[in-house]
Amino acid sequence: WRIRLVKVTYITLDGSSHVVDVEEGRSVMEGATANGIDGIVAECGGFLSCATCHAYVHPDWLDKTGKAEDDEMDMLEFAEGLQDNSRLTCQIEVTDDLDGLIVTIPKEQG
């Protein structure tokens with residue numbers, strides 16, 4: 001049994017890119033917090049009760065990350081700078097299919 005690592009790129013508030021390895025099965029939010037990515041606060045710890053892990057999924061990855069479910073959409077209403085590609089990163093599970101995923105942290109979370 002081997003832990004699979006998936007590369008996720010986080011584009012932070014200053015425009016810099018941070019490519020990190022995230023364990024398959026973790027969330028994109030957990031990858032950010034474990035690697036000290038600024039702008040992903042995750043106040044609720046990934047329990048879908050805040051919007052402090054809001055990020056924009058790069059358009060090339062929207063099909064693979066899927067659409068937000070109703071509960072996530074309800075919580076996204078509290079996020080500033082909402083866009084069509086907005087997601088809560090706690091709700092995106094890292095899978096092998098997401099190797100190379102790019103998310104951008106909204107300037108409103110700075």
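If you read the sequence from its start, that first residue is 1, and numbering goes on from there.
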- prompt: Does N85 use its side chain to pair, donor to acceptor, with the backbone of P59 at less than 3.5 Å?
  reply: no
query: Below 4.5 Å, heavy atoms only, C-beta onward: do V6 and T95 meet side chain to side chain?
result: no
message: If we ignore hydrogens and angles and just use 3.5 Å, is the side chain of T52 paired with the main-chain N or O of A42 as donor and acceptor?
response: yes
query: Step by step, would you call V20 with K7 a side-chain contact (heavy atoms from CB on, under 4.5 Å)?
result: CA-CA 6 Å; V20 300; K7 297 233 180 275; over 6 Å; no
statement: residues 36-60 vs salt bridge (Lys or Arg N to Asp or Glu O under 4.0 Å), sequence neighbours excluded, gives none
- prompt: Does the side chain of V8 come within less than 4.5 Å of V19's, by heavy atoms?
  reply: no
message: Taking ring pair (Phe, Tyr, Trp, His ring centres under 6.0 Å) as the cut-off, I'd like each qualifying pair that reaches into residues 54-74, sequence neighbours left out, listed once.
response: H54-Y56
- line: One should read off an interatomic distance between T104 OG1 and Y10 OH, to the nearest 0.5 angstrom, of 12.0 Å
statement: Rounding to 0.5 Å, atoms CG (D21) and CD1 (I3) come to a distance of 11.5 Å
task: Please name all residues satisfying side chain to side chain donor-acceptor pair (under 3.5 Å) with K64, sequence neighbours left out, ordered by chain then number.
output: none
task: Could you list who else is in M73's hydrophobic cluster, with ILVMFWY side chains joined at under 4.5 Å, directly or through other members?
output: L48, M75, L76, F78, L82, L88
- prompt: Between the side chain of E23 and the main-chain N/O of L5, is any donor-acceptor distance below 3.5 Å?
  reply: no
field: CD on E108 to CG on L13, rounded to 0.5 Å
entry: 9.5 Å
message: Are L101 and V94 packed together at the side-chain level, in the sense that at least one heavy-atom pair is separated by less than 4.5 angstrom?
response: no
- prompt: Distance from I37 atom CD1 to C53 atom SG, nearest 0.5 Å?
  reply: 14.0 Å
- request: For residues 68-86, pull every pair meeting salt bridge (Lys or Arg N to Asp or Glu O under 4.0 Å), keeping only residues two or more places apart or in separate chains.
  value: E72-R87
task: Measure the shortest side-chain to side-chain distance between L98 and I92 over non-hydrogen atoms and say whether it is less than 4.5 angstrom.
output: yes
message: Return the CD1 to CD1 distance between I11 and I102, rounded to the nearest 0.5 Å.
response: 6.0 Å
query: If we only count heavy atoms from C-beta on, is the V103 to V28 side-chain gap below 4.5 Å?
result: yes
query: For G46 and C90, which heavy atoms make the closest approach, and how far apart are they?
result: CA-CB, 3.6 Å
- request: Could you list the residues that satisfy side chain to side chain donor-acceptor pair (under 3.5 Å) with S16, not counting sequence neighbours?
  value: T12, D14, H18
statement: Correct closest heavy-atom pair for P106 and A55 would be CD-CA, 3.8 Å
- line: In terms of heavy-atom contacts, S49 and C44 come closest through OG-CB, 3.1 Å
